[in-house]
Amino acid sequence: MLIFEQGSQGRGASAQRPEARHGESGLPANLLRKTPAKLPEVSELQVVRHFTNLSRKNFSIDTHFYPLGSCTMKYNPRGAHRAASLPGFLKRHPLAPEAQSQGFLACLYDLQEILKEVTGMAGVSLCPMAGAQGEFAGVAMIRAYHDARQDYARNEILVPEAAHGTNPATAVMCGYKVREIPVRGDGDVDLEALKLAVGPQTAGIMMTNPSTCGVFERQIEQIAKTVHEAGGLLYYDGANLNAILGKVRPGDMGFDVLHMNLHKTFATPHGGGGPGSGPVAVGPRLQAYLPTPIVGREERDGKAVYRWLGMDDLPQSMGRLSAFMGNAGILLRAYAYALLLGKEGMHRVGEFSTLNANYMAALLKQAGFTLAYPQRRATHEFILTMSPELKKFGVNAMDFAKRLLDYGYHAPTTYFPLLVPECLLIEPTETESIDELEGFVKAMAQIRAEAENSPELVKGAPLTQPVRRLDDVRAARELDVNYSFSGRVAEA
Amino acid sequence: MLIFEQGSQGRGASAQRPEARHGESGLPANLLRKTPAKLPEVSELQVVRHFTNLSRKNFSIDTHFYPLGSCTMKYNPRGAHRAASLPGFLKRHPLAPEAQSQGFLACLYDLQEILKEVTGMAGVSLCPMAGAQGEFAGVAMIRAYHDARQDYARNEILVPEAAHGTNPATAVMCGYKVREIPVRGDGDVDLEALKLAVGPQTAGIMMTNPSTCGVFERQIEQIAKTVHEAGGLLYYDGANLNAILGKVRPGDMGFDVLHMNLHKTFATPHGGGGPGSGPVAVGPRLQAYLPTPIVGREERDGKAVYRWLGMDDLPQSMGRLSAFMGNAGILLRAYAYALLLGKEGMHRVGEFSTLNANYMAALLKQAGFTLAYPQRRATHEFILTMSPELKKFGVNAMDFAKRLLDYGYHAPTTYFPLLVPECLLIEPTETESIDELEGFVKAMAQIRAEAENSPELVKGAPLTQPVRRLDDVRAARELDVNYSFSGRVAEA
Amino acid sequence: MPFIPHTEHDIARMLQTIGVGSVNELFDEIPVHLRSRDLDGIQPGLSEMAMLRLMSERAAQDDGYACYIGAGAYEHHVPAAVWDIATRGEFMTAYTPYQAEASQGTLQLVYEFQTMMCQLTGLDVSNASMYDGASALSEAVLMAIRGNRKSKSKKVLVAGSLHPNYLQAVQSIVVHQQITLEVLPLQGDVLDMAALEQQAGQDYAALVVPQPNFFGRLEDVHTLTDWAHAQGMLVIACVNPMALALLSAPGEWGQNGADIATGEGQPFGLPLASGGPYFGFLTCKEALVRQMPGRIIGRTVDLEGKPGFTLTLQAREQHIRRSKATSNICTNQGLAVTAATIYLSLLGFSGLHQVAQSSHLGAQALRQRLSQLEGLRVDLDQPVFHEFVVRLPKSAQAVVAAMAAQGILPGLALGEFLPGRDNELLVCVTETKTEQDLERYVAVMQSVLTEGQ
Amino acid sequence: MPFIPHTEHDIARMLQTIGVGSVNELFDEIPVHLRSRDLDGIQPGLSEMAMLRLMSERAAQDDGYACYIGAGAYEHHVPAAVWDIATRGEFMTAYTPYQAEASQGTLQLVYEFQTMMCQLTGLDVSNASMYDGASALSEAVLMAIRGNRKSKSKKVLVAGSLHPNYLQAVQSIVVHQQITLEVLPLQGDVLDMAALEQQAGQDYAALVVPQPNFFGRLEDVHTLTDWAHAQGMLVIACVNPMALALLSAPGEWGQNGADIATGEGQPFGLPLASGGPYFGFLTCKEALVRQMPGRIIGRTVDLEGKPGFTLTLQAREQHIRRSKATSNICTNQGLAVTAATIYLSLLGFSGLHQVAQSSHLGAQALRQRLSQLEGLRVDLDQPVFHEFVVRLPKSAQAVVAAMAAQGILPGLALGEFLPGRDNELLVCVTETKTEQDLERYVAVMQSVLTEGQ
Ligand SMILES: Cc1ncc(COP(=O)(O)O)c(C=O)c1O
Ligand SMILES: Cc1ncc(COP(=O)(O)O)c(C=O)c1O
């Protein structure tokens with residue numbers, strides 16, 4: 001039942017109404033609202049119960065193993081959440097004077113330094129509010145770089161075909177054309193094709209490494225050389241940084257600019273869709289173009305003093321990306337996480353996420369499943385192709401995904417990357433124990449047996465969720481995105 | 001799966017381990033522990049996931065309508081919980097000096113005053129940690145009173161047969177014999193029987209009013225007179241105070257001492273079994289015997305100063321009931337709730353809890369159910385007897401209760417009070433809306449139809465819970481109250 | 001190993017199954033010379049206890065001020081229930097609801113949110129959120145340019161009374177698509193209508209109208225909307241959603257209503273928290289729905305005909321359309337929306353009205369009192385929502401510093417944003433400020449002003 | 001109407017169905033002259049915002065001290081996950097699990113708790129909790145008297161080193177059943193073994209042994225246990241459960257182990273919070289299970305043979321046995337137990353060991369350093385767990401007040417509890433205190449001592 005269907009005219013959570021204040025309104029009549037908005041009219045208990053019960057219809061890390069490839073659904077430490085929720089942080093106004101902000105600024109400064117260290121880059125800006133905004137900032141910096149050199153001919157961004165959709169979409173938002181580079185059968189970029197593609201029109205290339213194929217791009221140095229020699233720059237999409245954290249640094253691989261997804265690698269909760277945070281890091285060539293604000297540190301009378309660096313300090317900056325300082329609370333969580341891990345902990349992230357993925361891949365292979373890149377090491381994630389199962393049993397990757405829900409496992413990422421047919425992209429993360437990994441593999445094997453013996457069961461899955469499979473076509477055709485209040489009753 | 005079945009030797013939530021401290025242990029070898037305790041060895045994520053998922057197997061106010069009679073399962077305001085969780089309150093040591101405790105003491109003092117006002121009593125002690133401990137304190141004060149008058153012959157406490165089990169059990173803990181007084185067919189005490197029962201051996205009577213029959217004891221003044229004339233005192237079990245809050249005060253009815261269940265009437269959460277809080281309030285005759293500590297208030301230099309009153313201040317006190325100040329955090333929640341309700345809000349509690357109960361009773365009657373006291377007003381709760389259903393369909397009160405779970409309603413209290421056969425004691429509370437009340441009645445009517453058409457369905461309920469009906473006999477016979485670690489696997 | 005559950009025994013078993021001798025061997029596809037050395041710039045790990053101690057000390061440093069700064073982020077009371085529920089693991093630690101059947105909680109909630117935002121703004125369609133108010137406005141501008149069928153222009157008119165940070169953000173976000181923002185001049189802190197007339201007849205895709213504007217003042221939205229529509233422009237309303245409890249909904253502006261409404265959702269249950277996470281909202285008329293960036297949740301039925309919720313119109317989004325998507329946005333501000341939806345359910349329209357009214361009256365009262373202090377100048381004639389400009393007899397920054405020393409952050413020193421306005425302070429009052437608070441503000445202001453004399 | 005959802009329309013409909021004209025009519029069975037007038041002593045209701053403002057101001061008054069008081073309530077780090085999970089609505093707002101099928105979460109959790117407490121104390125059976133350490137000890141005494149088959153005595157021996165508040169509470173709770181507590185004298189803050197021998201041959205039901213005792217000191221539990229058993233007494237161990245990570249479990253005491261173990265569960269994840277809610281734990285040997293007060297959860301199967309959990313041995317409890325019950329307890333401290341169970345799961349035995357060890361070593365370090373200050377006397381030879389007595393050259397209360405003025409609550413002034421010990425301070429150190437904290441403590445103590453000179 002929708003919250004709108006529970007109300008009664010005049011009902012309300014009256015403890016939430018402020019004490020009445022008397023006085024004369026100074027608002028001109030013609031600017032006043034004419035019709036009240038139909039918001040819920042419900043009691044506080046109804047609100048609490050409704051949303052508590054809604055939450056119970058979700059899968060989440062806190063309740064289920066959630067091996068959603070490319071999303072790094074690892075444990076989100078409650079301690080980091082607690083730290084970011086300290087009253088002093090929650091109450092601080094984004095425009096509070098610097099003198100009254102030294103605690104907050106110190107955290108941000110330290111985080112900048114940590115991110116520089118783990119990426120091997122020269123400068124960091126914490127502003128971008130998600131991965132995609134980080135990509136935008138990064139590509140905009142590439143443009144600013146070429147523009148500053150009056151190299152206006154560069155109008156193309158290269159993107160391997162396995163790339164995430166945000167890469168090409170970002171390039172376009174930055175005014176570039178997108179050229180896709182094919183990926184070879186072993187998951188690496190087709191270097192020859194790349195060599196043919198680069199030229200004076202090349203602004204840069206956007207790459208994920210490990211790629212979304214779940215393998216490490218072995219020719220990264222040649223790629224860097226190729227693109228750099230053509231005058232382009234290399235953008236690193238950090239969505240998969242978890243695989244290599246503490247093991248190899250994008251800066252050392254030759255990347256000029258990158259973003260990190262703190263809501264992946266730095267364990268900040270994804271909140272059912274967001275918020276995230278996508279800081280950008282750059283090599284020396286792009287430092288002048290970083291988005292503002294950034295936190296600077298000075299010594300005054302032997303004491304560290306932190307201050308905002310804005311457009312005055314960074315006149316070549318690619319600009320501002322938000323009204324204030326991006327997703328500050330997420331940055332605090334990421335900083336807390338970094339403090340908890342420390343130097344030793346960073347290495348382990350890459351090591352154990354990789355160990356878990358390789359173990360699962362090995363078990364699934366033993367169980368008869370088909371790895372998309374069987375000759376390669378898995379990174380923190382790997383791909384199964386369900387084409388054999390589709391051929392043999394008529395059961396596809398989506399059917400397996402839905403049936404997994406009935407077994408109490410969130411589905412892996414389905415049908416991404418696009419170049420592997422019937423693919424399941426599986427990312428266990430380092431925070432899951434061997435028991436969960438084995439449980440998942442067992443469930444997959446059982447579903448395979450079901451697919452063989454009773455394929456309709458699998459094709460009809462899920463059976464145990466709040467709803468059965470939903471009619472997406474109808475959702476798009478008979479668009480219902482806004483409750484009509486015309487009295488129809490939903491029984492969700 | 002039990003938490004013990006998920007571990008692996010050497011695993012742990014290592015962020016929870018304090019930094020190592022060096023130094024030499026000063027503990028003598030013979031006093032050291034010999035065998036480590038087998039506690040869980042699990043990761044932080046496993047802990048979070050295990051207990052999050054366990055919680056999801058509970059019904060609760062936040063998720064379900066929970067009309068458990070005698071338990072006042074009303075909305076527990078999140079604001080009150082927030083108030084009690086303020087860092088200044090959480091960090092205060094129970095033995096912190098008074099000078100560093102004025103904020104906390106002021107809250108307790110104010111709460112004492114509020115409770116005096118709503119009960120019409122002269123003194124309050126907040127010490128008792130639940131209703132039963134309040135009863136103990138109250139009856140112990142009755143004893144102290146008689147003892148102080150050297151009236152040692154009084155060795156009997158009267159208890160109406162409908163009384164809650166804690167009443168007779170408490171009387172015995174206070175060294176009294178218990179004599180039960182019959183209750184008439186209309187739910188009121190048999191006054192004639194009471195008159196015959198009182199005498200020089202009568203220490204007092206323990207009563208709930210409204211009684212656990214869900215009716216207001218109309219002869220309360222005669223009862224008070226009878227007991228008082230016999231030299232006994234009147235104890236008021238405040239479990240049902242919600243029914244009359246702001247409408248009639250126990251002090252005005254003639255009670256000498258009472259406890260309140262703040263976890264009922266003052267909306268503090270019941271926590272799946274506790275904690276509660278059971279402050280006692282007394283008339284002038286018993287004031288000297290209140291349990292300690294109590295908070296006192298003085299003016300010093302025109303400023304209010306609060307301080308503990310202990311045994312020095314109250315040498316006749318019945319004593320101390322806990323190591324410190326009872327369930328302080330619950331007291332803060334209750335105080336916050338009282339602040340939110342204020343003077344006007346107190347009246348409404350009694351009014352609307354009574355309105356809801358009477359409405360449900362009327363609807364259930366219309367639907368063909370049998371009220372135990374059809375000629376009486378319901379108070380904040382009322383009783384159905386399912387004897388007709390048992391006779392007609394072979395389906396008893398427990399079957400209805402279990403089947404209600406399948407409909408998403410928590411069951412009413414079953415088989416209490418004992419004197420009504422096949423009883424369901426139903427208490428909706430004032431915080432539920434008309435929709436929930438009607439939904440419950442509809443479910444009851446549907447179950448009745450099921451009982452008629454497919455009684456086995458109802459007798460086999462619940463069907464949708466984590467488990468079916470449990471074997472209580474086996475639980476008591478083959479006692480398993482402590483996991484054996486011998487390798488047996490539970491699949492809970 | 002914090003957060004890593006592997007025991008020695010587990011590791012050995014796993015390596016054996018994989019068929020390698022060590023964890024490091026799993027990295028053998030990475031050229032050896034690229035592998036990281038120690039991360040010397042990072043400190044050893046802390047226990048949760050030590051981390052929280054450090055963070056508490058940092059947080060305490062910035063704590064303890066009564067805040068009268070507004071300027072796009074507003075201190076409203078956040079009901080305790082809001083975050084108690086929003087931070088339940090099932091909401092907080094779920095991903096984007098790609099598997100609809102396992103995400104009905106989030107999906108239904110966002111559908112409810114969309115409905116609430118449509119109701120408040122008086123428009124037909126809402127998306128599931130943008131990053132914040134400024135980035136949402138940027139997307140609104142892009143949307144208007146794509147969606148205006150009457151104009152091929154890549155130019156947009158923007159009121160000069162827009163928040164300067166919003167202007168900067170929009171600029172950086174749209175500039176690479178050859179879009180030009182033309183900033184309209186002001187007359188006494190509101191749009192100069194005469195200057196506007198000079199733009200008549202030119203081809204612009206849209207007009208951006210803030211309400212209330214950066215100075216807390218009210219624009220004549222009806223006239224502006226009708227004028228822009230007459231010129232073939234779309235109208236983008238950039239509004240404080242809390243103000244919509246009192247002020248005309250964008251859908252009610254002028255004859256036909258604004259086409260797109262956007263703004264900062266923070267006032268709805270989100271703490272100030274140094275600027276985020278907040279969320280940008282974005283609603284529009286039905287005709288523009290296919291230009292909408294970001295996620296949209298639709299109601300549909302499952303294969304048994306039972307209603308359910310799912311992501312819809314995904315063909316606008318980057319994961320389907322890639323370079324042809326309406327935006328590159330992927331992760332949005334889901335949890336902030338969760339909180340806002342709970343907030344709006346608790347407040348209802350009449351609760352919201354009371355909050356807005358109390359804020360408005362508080363601001364009225366404070367500016368009234370400040371106008372009586374010697375040396376201060378306040379324009380009492382001009383209507384404001386809950387924020388207003390005070391002209392001080394000396395540098396606003398100095399006054400801020402002096403009042404901060406007494407525990408009050410009295411407002412935003414405008415000089416930091418607008419050159420030449422060094423003596424002006426932008427002051428905000430919300431329902432969280434009591435009568436006594438306002439009295440104290442006036443007293444401290446007075447003492448600070450006389451001090452310097 | 002706060003928390004009351006009734007609209008005018010709802011009320012009218014309900015009254016009509018009931019068949020009365022007004023809500024007041026529903027109270028017509030109550031004699032009119034008894035009905036309440038206005039509750040004039042109570043203020044008008046506050047909004048949640050105003051209430052939280054008031055409570056925040058009150059809480060802030062008492063905040064900001066580094067606490068070295070122990071004496072039965074100990075500041076340990078509480079992992080953030082503990083209360084994030086324990087306060088989930090499903091745990092926090094459920095009642096006692098009477099309907100087992102709808103309460104499997106709470107029931108399984110308590111079964112796990114019982115197992116953990118049995119493991120820690122080395123005994124066979126645990127109940128689901130008592131109110132607190134002191135009331136749990138009272139019940140242990142009652143239990144021992146009922147359960148000792150060798151003795152008909154209603155007398156119990158209690159070590160004089162027991163927490164004085166515990167002694168008082170036990171006294172008030174057991175006195176009405178004609179039970180006598182005989183307090184054994186001390187010799188240098190531990191039981192005087194010689195005095196003990198004088199009780200030999202007398203009939204007592206039980207001996208109560210605290211470990212560590214009130215002064216942080218360790219009793220010779222093995223000798224005491226064997227002595228008491230030889231006399232036909234039961235042994236009740238009253239222990240700090242955190243200390244059990246280092247110290248002998250009650251089940252390991254002497255030849256046969258203590259019979260009953262009890263104590264305060266607060267160190268396991270519960271904030272100091274002015275004394276509660278905490279919980280008392282109670283475990284015993286299997287033979288005594290039917291004397292156990294309070295709830296016990298058992299594992300069983302459902303009608304399909306699936307394992308499940310339920311309240312068991314209810315025939316001991318008041319709701320079944322009424323006047324013949326083992327205790328009157330009904331509501332216990334469920335949520336505190338929930339927190340403790342999560343705490344123990346997070347810490348595990350080795351985590352607990354580290355916390356206990358760090359606390360112990362911190363106390364060792366502080367008392368070492370304090371012993372070097374002029375004028376202080378500390379007995380370094382005697383083993384302590386994490387708490388120790390310091391003899392000051394002046395009134396402990398005065399030192400407490402002076403150190404409090406510098407933000408440190410340095411310990412408990414013993415004179416408040418024990419007449420004649422006005423110059424003694426009981427100091428506790430836990431893992432929450434860093435090296436720097438201890439240095440600061442010593443420095444402030446020194447400055448306070450010299451000040452007075
Ligand atoms: C490979 C890759 N790149 C980019 C992104 C975009 O990041 P965000 O969702 O934070 O905008 C994602 C996230 O799904 C991703 O997996
Ligand atoms: C009528 C009655 N009296 C007493 C009690 C005992 O209160 P508590 O459980 O707080 O000890 C109860 C609680 O169930 C009750 O319903």
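Since the model is a prediction, treat every value here as computed from it, not as a measurement. Order of the sequence lines fixes the chain letters, A, B, ..., with proteins taken first and strands second; residue numbering starts at 1 for each chain.
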Answer yes or no: is there a side-chain heavy-atom contact under 4.5 Å between A/Phe416 and A/His164?
yes
Measure distances from C/Tyr131 to the heavy atoms of chain A and classify the residue's part below 4.5 Å as side chain, backbone, both or neither.
both
Chain A contact via C/Glu264 - which portion, at a heavy-atom distance below 4.5 Å:
neither
Enclosure of C/Glu29 CD (heavy-atom neighbours >12, cutoff 6.0 Å):
yes
Using heavy-atom distances under 4.5 Å, tell me whether C/Ala245 contacts chain A through its side chain, its backbone, both, or neither.
backbone
Part of C/Ile297 within contact of chain A (heavy atom distance under 4.5 Å):
backbone
Ignoring hydrogens and geometry beyond distance, is a side-chain donor-acceptor pair present between C/Tyr111 and A/Asn482 at under 3.5 Å?
no
Are the charged groups of C/Asp63 and A/Lys91 less than 4.0 angstrom apart, N to O?
yes
Lys/Arg N to Asp/Glu carboxylate O, A/Glu430 vs A/Lys74, below 4.0 Å
yes
Best-contacting candidate, A/Leu90, A/Val172, A/Asp252, against chain C by heavy atom pairs under 4.5 angstrom
A/Leu90
Checking heavy atoms, do the side chain of C/Val355, its backbone, both or neither come under 4.5 Å from chain A?
both
Proximity breakdown for C/Tyr166 and chain A, heavy-atom pairs closer than 4.5 Å:
side chain
I want to check something: taking the side chain as every heavy atom from C-beta on, are C/Met92 and C/Thr338 in contact at a cut-off of under 4.5 Å?
no
Can you tell which of A/Gly319, A/Gly460, A/Cys174, A/Ala267 has the highest number of heavy-atom pairs within less than 4.5 Å of chain C?
A/Cys174
Do you know which of A/Val248, A/Asn327, A/Asp62, A/Asn58 has the most heavy-atom pairs under 4.5 Å to chain C?
A/Asn58
Regarding C/Glu90 and C/Arg88, does a basic nitrogen lie under 4.0 Å from an acidic carboxylate oxygen?
yes
Looking at C/Asn328, C/Leu346, C/Leu335, which makes the most heavy-atom pairs under 4.5 Å with chain A?
C/Asn328
Among the listed options A/Ala401, A/Pro291, A/Ala130, A/Ala20, the residue most often paired with chain C at heavy-atom distances under 4.5 Å
A/Ala130
Is there side-chain contact between C/Thr310 and C/Arg299, with heavy atoms separated by less than 4.5 Å?
no
Heavy-atom distance under 4.5 Å to chain A: side chain of C/Leu412, backbone, both or neither?
side chain
Answer with side chain, backbone, both or neither: which region of C/Asp124 has an atom nearer than 4.5 Å to a non-hydrogen atom of chain A?
backbone
Compare all side-chain heavy atoms of C/Gln364 with those of C/Val384 and state whether any distance is below 4.5 angstrom.
yes
Using side-chain heavy atoms (C-beta onward) and a distance below 4.5 Å, is C/Phe279 in contact with C/Asn332?
no
Can you say whether C/Ser129 sits under 4.5 Å from chain A via the side chain, the backbone, both, or neither, judging by heavy atoms?
neither
Counting heavy-atom pairs under 4.5 Å with chain C, which one of A/Lys402, A/His410, A/Glu135 comes out on top?
A/Lys402
Please state whether the side chain, the backbone, both or neither of C/Ala365 comes within less than 4.5 Å of a heavy atom of chain A.
neither
Distance-only donor-acceptor check, side chains A/Asn356 and C/His6, under 3.5 Å:
yes
Residues C/Ala102 and A/Gln465: closest non-hydrogen pair is CA-OE1, 4.3 Å
With a 4.5 angstrom heavy-atom cut-off, could you sort out which part of C/Arg321 is near chain A: side chain, backbone, both or neither?
neither
Partner chain C: residue of A/Arg82, A/Met173, A/Glu432, A/Arg56 with the largest heavy-atom pair count (under 4.5 Å):
A/Met173
Contact origin within C/Leu409 toward chain A - heavy atom pairs under 4.5 Å
side chain
Report which part of C/Val23 has an atom under 4.5 Å of a heavy atom belonging to chain A: side chain, backbone, both, or neither.
side chain
Side chain, backbone, both or neither: which part of C/Leu352 has an atom under 4.5 Å from a heavy atom of chain A?
side chain
